[in-house]
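Some notes on the structure that comes next.
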There are 2 protein chains.
Amino acid sequence: MNVMNASPRRKELTRLAAQLFVQEGFDRTTVRMLAQEMGIKSGSLFHHFKDKQEILAAVIEEGTQNALVIARKALDECAEDPEVRLRAMARAHLETLFTDRNAHVVALFEWRRLDPTASAHLSHLRDAYEALWVAVIDDALEAGLIHGDRFLVSRFVLGALNWTVRWYDPNGPRSPDDLADELVAMIMPTSA
Amino acid sequence: MNVMNASPRRKELTRLAAQLFVQEGFDRTTVRMLAQEMGIKSGSLFHHFKDKQEILAAVIEEGTQNALVIARKALDECAEDPEVRLRAMARAHLETLFTDRNAHVVALFEWRRLDPTASAHLSHLRDAYEALWVAVIDDALEAGLIHGDRFLVSRFVLGALNWTVRWYDPNGPRSPDDLADELVAMIMPTSA
DNA sequence: CGTTTACACTAGCGCTTGCTCGGTTACTCT
DNA sequence: AGAGTAACCGAGCAAGCGCTAGTGTAAACG
């Protein structure tokens with residue numbers, strides 16, 4: 001068994017698992033279903049992951065890592081103007097949400113199935129990501145770009161963005177970037 | 001077995017079930033756990049509900065019905081000013097979200113566990129509720145109170161509101177009404 | 001060459017699951 | 001008193017669950 005590696009094989013299996021977890025939910029996805037999707041038998045699955053829990057943790061870790069990388073890159077690449085940064089952050093959020101959609105849906109809706117150990121470890125990743133958001137929101141507030149309570153604003157914005165996975169159709173006419181821009185415009189009085 | 005009644009006993013059992021579904025998730029809640037919480041044995045449970053699915057449907061129906069009633073009452077009781085109605089609708093949403101919190105959390109996060117028949121029936125209820133929102137949003141847009149795409153705005157607002165169940169602490173300093181007002185203020189440029 | 005390593009297989013154990021069913025209790029209505 | 005009925009119990013079945021153990025095989029390595 002691979003204790004803690006990130007072999008390409010394991011990455012691919014993690015991707016397939018994410019898809020099934022989204023389709024069926026974590027609890028309803030059996031190891032036999034996972035194995036079949038991966039083209040192996042259920043016993044072989046435990047050569048790659050020590051138990052079902054570890055598969056869930058791998059899926060969520062993958063998604064959250066990517067979110068962090070993409071958000072940092074987006075912020076690095078743009079100017080220091082608070083409005084630009086806010087828009088960039090919103091775009092980055094939706095970008096990762098829909099390129100790694102399966103992993104993020106699992107992270108958002110199956111987080112509670114993690115055992116305490118895995119949850120604690122992954123919480124740090126998640127906190128690091130949210131810290132980026134809080135910083136951007138703070139700057140926007142300070143610049144008078146938006147108004148309200150910093151805590152509430154960031155929660156509302158993240159809620160609105162995360163909820164998109166429930167209704168957004170990637171095959172529709174609107175791009176994720178459009179969505180991000182519309183949301184930012186919605187909360188910015190100056191752009192009326 | 002009670003085919004389709006709403007006896008007080010069944011209502012109470014539904015309430016208890018909602019609580020457990022929130023704590024453990026639908027799939028992880030066994031009929032034995034449900035029975036114990038209700039003070040009966042697992043076999044007796046099927047005198048009240050024909051199967052586990054029906055319990056889930058009962059929980060969701062209860063919550064959605066209440067949401068409809070509360071929202072309609074709130075709209076009936078307030079003036080025709082679009083801003084007032086928007087605020088009233090947001091308040092009503094959070095009010096029902098936190099007085100029937102368990103039922104709504106189940107409705108929001110366990111909807112997919114419903115079998116197609118139950119889902120179809122309950123979708124009508126849900127659509128009726130969302131229609132109230134769309135009407136209110138439309139009026140607010142027409143009055144120039146808010147701006148943006150009517151479809152996107154309502155999705156963003158509902159997303160922000162629904163996501164509150166993930167972070168809002170009813171024992172904190174803020175009331176649900178405060179939350180609703182802050183959100184409305186956030187998306188209304190005129191109130192800056 | 002022999003040994004190691006990665007990956008897969010078969011078989012099945014021990015347990016839990018949703019649900020059934022015949023029988024019992026307690027209350028209501030005539 | 002007797003009949004009807006809603007509520008509940010105890011026992012357990014068939015299916016499915018996560019996971020383990022032991023084995024086979026082919027490529028990689030000294």
Side-chain angles (χ1 to χ4, degrees), chain A residues 1-60 106 110 112-119, chain B residues 1-60 106 110 112-119:
Chain A
M1 182 231 314
N2 284 319
V3 188
M4 203 41 185
N5 70 353
S7 67
R9 179 84 176 126
R10 183 171 151 129
K11 274 223 167 175
E12 171 65 6
L13 297 182
T14 303
R15 208 186 53 83
L16 290 168
Q19 191 186 340
L20 258 180
F21 288 162
V22 170
Q23 267 175 44
E24 308 288 329
F26 176 70
D27 291 323
R28 292 207 161 166
T29 304
T30 70
V31 293
R32 280 167 248 262
M33 292 164 65
L34 286 165
Q36 187 172 22
E37 192 78 9
M38 296 166 178
I40 57 181
K41 292 302 162 67
S42 71
S44 313
L45 214 163
F46 295 91
H47 171 74
H48 301 279
F49 303 93
K50 90 170 218 287
D51 57 19
K52 201 185 162 192
Q53 268 287 326
E54 197 182 89
I55 309 181
L56 177 62
V59 168
I60 295 183
V106 171
E110 309 280 1
R112 298 184 34 228
R113 307 288 161 247
L114 287 169
D115 63 41
T117 318
S119 173
Chain B
M1 181 228 314
N2 284 320
V3 188
M4 204 42 186
N5 72 354
S7 67
R9 180 80 176 127
R10 184 171 150 132
K11 273 222 168 175
E12 172 66 6
L13 296 182
T14 302
R15 210 185 51 82
L16 290 167
Q19 191 187 343
L20 257 180
F21 287 162
V22 170
Q23 267 175 45
E24 308 287 330
F26 176 70
D27 291 323
R28 291 208 157 163
T29 305
T30 69
V31 293
R32 280 166 248 265
M33 292 165 65
L34 286 164
Q36 187 171 21
E37 192 78 8
M38 297 166 178
I40 58 180
K41 291 301 162 72
S42 70
S44 314
L45 214 163
F46 295 91
H47 170 73
H48 301 279
F49 304 92
K50 92 170 216 287
D51 56 20
K52 200 186 164 192
Q53 269 285 326
E54 199 183 88
I55 310 181
L56 177 61
V59 167
I60 295 183
V106 172
E110 310 279 2
R112 298 185 35 229
R113 306 287 160 251
L114 287 170
D115 62 42
T117 318
S119 174

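Letters A, B, ... mirror the listed sequences (proteins, then strands); counts begin at 1. Source: prediction; values computed, not measured.
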Provide, to the nearest angstrom, the distance between the CE atom belonging to B:M38 and the P atom belonging to D:dA7.
-> 13 Å
For B:T29 and B:E24, work out which heavy atoms get closest and say how close.
-> OG1-CB, 3.5 Å
Should the pair B:E12-B:R9 be classified as a salt bridge under the 4.0 Å nitrogen-to-oxygen rule?
-> no
B:F21 side, atom CZ; B:M33 side, atom CE - distance, nearest 0.5 Å = 9.5 Å
To the nearest Å, give me how far apart NE2 (A:H48) and P (D:dC19) are.
-> 16 Å
Among B:V106, B:L20, B:L13, the one residue meeting side-chain contact (heavy atoms from CB on, under 4.5 Å) with B:V59 | B:V106
Whole angstrom is fine here: how far is it from CZ in A:F49 over to P in D:dG18?
-> 15 Å
Could you state the CD-P distance from A:Q53 to D:dG18, rounded to the nearest angstrom?
-> 12 Å
Hey, are A:E54 and A:R10 close enough for a salt bridge, meaning a charged N less than 4.0 Å from a carboxylate O?
-> yes
Return the residues of residues 27-36 of chain A meeting this criterion: a heavy atom under 4.0 Å from some atom of DNA chain D. Order them by number, or give none.
-> A:T29, A:T30, A:V31, A:R32
Do nucleotides 20-29 of chain C as a string where each nucleotide becomes B, S or -: B if the base has a protein heavy atom under 4.0 Å, S if just the sugar-phosphate does, - if no protein is that close.
-> B---------
Taking the side chain of A:H47 as its heavy atoms from C-beta onward, which of C:dA6, D:dG18, D:dG10 lies nearest to it?
-> C:dA6
Quick one: is the NZ or CZ of B:K52 closer than 6.0 Å to the six-membered ring centre of B:F46, and within 45° of its axis?
-> no
Of all the choices, C:dA8, D:dG18, D:dA7, which nucleotide is nearest to the side chain of A:R9 once you look at every atom?
-> C:dA8
Please list all pairs passing the side-chain hydrogen bond (donor to acceptor under 3.5 Å, both in side chains) test where one or both residues lie in residues 34-45 of chain B, with sequence neighbours left out.
-> none
Within the pair A:K52 and D:dG18, is there a side-chain N or O less than 4.0 Å away from OP1 or OP2?
-> yes
B:L45 CG to D:dA7 C1', straight-line distance once rounded to whole Å = 12 Å
Rounded off to whole Å, could you give me the CD1-to-C1' distance for the B:I40 and D:dA6 pair?
-> 13 Å
Grab the two heavy atoms, one from A:V22 and one from B:R112, that are nearest each other, plus how far apart they are.
-> O-NH2, 2.8 Å
In whole angstrom, give the distance that lies between atom CD of A:E24 and atom C1' of D:dG16.
-> 15 Å
State whether the side chain of A:Q53 and the backbone N or O of A:D115 hold a donor-acceptor pair below 3.5 Å, judged by distance alone.
-> yes
Could you tell me the separation between the CD atom of B:E54 and the C1' atom of C:dC19, rounded to a whole number of Å?
-> 14 Å
